[in-house]
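Order of the sequence lines sets the chain letters (A, B, ...), proteins ahead of strands, with each chain counted from 1. Please read these numbers as outputs of a predicted model, since none were measured by experiment. FYI, side chains are in, hydrogens and waters are out, and symmetry mates aren't considered; it's all heavy atoms of this structure.
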Number of protein chains: 2
Amino acid sequence: MSKKPATVQDVAQLAGVSAMTVSRVLNAPGKVAPETLERVRHAVDALGYVPNAMASGLRMARARMVAALLPTLVGPVFQELVESLAESLKRSGYQLMIGQAGYDATREEEELIRALIQRRPDGIVLVGKVSSAGARSALLASRIPVVETWDFTDDPVDMLVGFSHVAIGESVADFLHARGHRHVAIITGDDARARARAEAFIRRSNALGALSARCFYTRAPSTLGAGRKGLAALLQDAADISGVFCSSDSLALGALIEAQHQGLQVPKQLAIVGMGDQSFAQDAQPALTTVRLDGTRIGEIAAELTMARAEGRPVDSPIVDVGFHLVVRDST
Amino acid sequence: MSKKPATVQDVAQLAGVSAMTVSRVLNAPGKVAPETLERVRHAVDALGYVPNAMASGLRMARARMVAALLPTLVGPVFQELVESLAESLKRSGYQLMIGQAGYDATREEEELIRALIQRRPDGIVLVGKVSSAGARSALLASRIPVVETWDFTDDPVDMLVGFSHVAIGESVADFLHARGHRHVAIITGDDARARARAEAFIRRSNALGALSARCFYTRAPSTLGAGRKGLAALLQDAADISGVFCSSDSLALGALIEAQHQGLQVPKQLAIVGMGDQSFAQDAQPALTTVRLDGTRIGEIAAELTMARAEGRPVDSPIVDVGFHLVVRDST
DNA sequence: TTGTATGCGTTATCAC
DNA sequence: GTGATAACGCATACAA
């Protein structure tokens, strides 16, 4: 067994042809005589030859790979998005390479993005928007297609597919108000997206004439425990809260558990709204009303935008709002 | 603004030096005269030069990258592992590239592994063991260091760091028996690892003299809803069950919710044990007794093993059992 | 249908 | 301390 992996040369030698023919067998089998084809394929198997993507990528100036940057791998929040992204890309012969950054870790962000650019991916998909100026300029200079997702900003680096966090905050405020809740609250993470939602929720609630609209910020990650603590703190402060919006289903489940622990009837005494429509939302007791975000669609569109730009096809609409909708269940 | 990204040549030209000197400035700044250093660095910034990792990897025959293959991104189950793996690798200048396979999707597995091998990573870390023969032989032929994790098999492809699922099943059986439970059950996923645990649990329970030891298999993914359904089915079948082992915390939380929904007191009438010690386990009401697995440690060791082998350092122990321990809380 | 020559961007080697 | 040269593995252009 050889020390180094086999190359086209090795295969060519064994099959008694030139390297060029081997390359053709792999990339354009139609242009090779049937018997040559067979002989070469046999040699490929015999040597366990696997093409070197670095060499091929260098030659073709295309890595056939798209890089994605996630703020976290925790929770099923981004699972749909990543899975559909991976699936869509694979169908077109691209691989997905995932990098992980921390939420709001500006320093790491730039470093990580530079590392991705080094690999010369055909596109970069970001969950969340680019926060640091350094990362932004590095991305622009790289001329690699970039899709920011999950957020809807005014000034995308390149392309964008997401939904409006402000609209979500307003929608939920409208919903709770329509259900007659006049003392409302929100339990939310403290990253930029979550803040935008929370502020919109409070603003709209007040505009609608709420008697109180409180906000409880919890630090990342948004866990069940944070939801419990958040609701406990809110109730201690104001026992008259009758509707609470939690900016993730995990927080909502925590709030639900805390409410039940304190003997509150959900939804009779307290209505709870989550966000994300994760699988457990429908299985909670009572089932959680929540904001559904179509991660699968975001992933598909992000893949399409990326590949279109990478292949020089025109992109009709580089900014896509996929929206959201409220799934009303038994917790409200 | 140029169409193509800048190369060492461009930088060299601008700085009035040779390409070689630019390369040295980036990789061995100590060997360059201070003023040259400054001039070159200035040129690098001016052009926004980012080295091409494909070219460098090709030349050096090292990608400075480790690939990881995960069965799923869902849930925090593997989060610790991946995060610590990424962190450990980054500290040593390696990047982590993540690929995602489905549970038990043998066909996909081989395809995905071949795709990874094409990139010539310095190591491959697998969560779970290699199931298909094709993938196995491709890995062996590639001569890339491989670490299988999360599982403890007899015949690793190369290196292995994990824990014994059989030992876990037995431990939990012992624990429930010691607490006086004679009618026990397990709610579990149906992948190979989960089956091994479940069978061990049943076998040991019977050996200890349990009056009944039932098993409910649920298909992946292991959700809260699956836990609810599982417990409901078990209780309908046998209302005398007093202790149940759930092979993930999500299942356990579902079982807990279902039990409470049916008016059962936990732990008085039903004891519940989870697995994974995910963050919500301690925040459930009552807090969940669970099996804690040290994902962080597994990630660190996997990184160390991979890098050692990649750099030609000796590996004293290619097979590591990191064990587990039972965290006893209020649900038992 | 198949082969030869060349270059992608980088770095090791050796000479200056 | 710096530069010229060659080579990593593959695929394009062109020739046979």
Side-chain angles (χ1 to χ4, degrees), chain A residues 2-41 43-44 47-65 93 117-122 142-143, chain B residues 2-41 43-44 47-65 93 117-122 142-143:
Chain A
S2 62
K3 189 103 185 189
K4 293 279 161 197
T7 72
V8 271
Q9 298 291 349
D10 302 323
V11 177
Q13 194 166 0
L14 181 60
V17 296
S18 77
M20 209 34 251
T21 301
V22 176
S23 178
R24 269 192 283 258
V25 167
L26 271 54
N27 302 312
K31 297 186 164 186
V32 177
E35 50 187 277
T36 315
L37 201 74
E38 176 118 3
R39 223 168 57 243
V40 171
R41 286 198 167 138
V44 166
L47 294 174
Y49 169 72
V50 177
N52 183 327
M54 290 191 292
S56 139
L58 179 59
R59 180 62 178 82
M60 308 205 296
R62 315 190 50 215
R64 292 209 75 84
M65 175 201 76
I117 294 177
Q118 287 193 358
R119 310 261 163 208
R120 300 289 190 270
D122 299 310
S142 76
R143 312 203 55 90
Chain B
S2 63
K3 190 101 186 190
K4 292 280 161 197
T7 73
V8 270
Q9 297 293 348
D10 302 324
V11 176
Q13 194 165 0
L14 182 59
V17 296
S18 77
M20 206 41 242
T21 300
V22 175
S23 177
R24 269 192 283 257
V25 167
L26 272 53
N27 303 309
K31 297 187 165 187
V32 177
E35 50 187 277
T36 315
L37 202 72
E38 175 119 3
R39 222 166 60 241
V40 172
R41 286 195 167 142
V44 166
L47 294 174
Y49 169 71
V50 178
N52 183 327
M54 290 190 292
S56 157
L58 177 61
R59 183 61 179 88
M60 307 206 294
R62 314 191 50 215
R64 290 209 75 85
M65 175 201 76
I117 294 176
Q118 287 192 358
R119 310 262 164 206
R120 300 287 190 270
D122 299 310
S142 75
R143 312 201 57 88

Atom [atom1] of [X] to atom [atom2] of [N]: distance rounded to whole Å?
X      : N      : atom1 : atom2 : result
A:R64  : D:dA11 : CZ    : P     : 12 Å
A:K4   : D:dG9  : NZ    : P     : 8 Å
A:Q118 : C:dT10 : CD    : P     : 10 Å
A:R39  : C:dT1  : CZ    : C1'   : 12 Å
B:N52  : C:dC8  : CG    : C1'   : 9 Å
B:Y49  : C:dT11 : OH    : P     : 6 Å
B:Q9   : C:dG7  : CD    : C1'   : 12 Å
A:R59  : D:dA13 : CZ    : P     : 8 Å

Within-4.5 Å side-chain heavy-atom neighbours: [X] and [Y]:
X     : Y      : value
B:P5  : A:R120 : yes
B:L26 : B:V44  : yes
A:N52 : A:T7   : no
A:V32 : A:V40  : no

### Task
Select from B:M20 and B:A55 the residue whose nearest nucleotide in DNA chain C is closer to the 5' end of that strand.
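In this pair, the answer is B:A55.
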Heavy atoms from C-beta onward define the side chain here; which of [options] lies closest to that of [X]?
X     : options               : answer
A:A33 : C:dT1, D:dC10, C:dT11 : C:dT1
A:S18 : C:dT4, C:dT10, D:dA11 : C:dT4
A:T36 : D:dT2, C:dT10, C:dT2  : C:dT2

### Message
Return whichever of B:P34 or B:L58 has its heavy-atom-nearest nucleotide of DNA chain D closer to the 5' end.
### Response
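This one resolves to B:P34.
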### Query
Start at the 5' end of DNA chain D and walk down; is the nucleotide closest to B:V32 or to A:M60 reached first?
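Its nucleotide being nearer the 5' end, the pick is B:V32.
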### Query
Is any N or O donor-acceptor pair between the side chain of A:R24 and the base of C:dG3 shorter than 3.5 Å?
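Answer yes: a donor N or O sits under 3.5 Å from an acceptor.
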### Task
First locate atom CE of A:M54, then atom CE of B:M65, and finally report the distance between them rounded to the nearest 0.5 Å.
7.5 Å
Are OP1 or OP2 of [N] and a side-chain N or O of [X] less than 4.0 angstrom apart?
X     : N      : answer
B:T21 : D:dG3  : yes
B:T7  : C:dG9  : no
A:S56 : D:dC10 : no

### Task
Report which part of the nucleic acid B:A61 touches: base, sugar-phosphate, or nothing (heavy-atom distance under 4.0 Å, all strands).
nothing
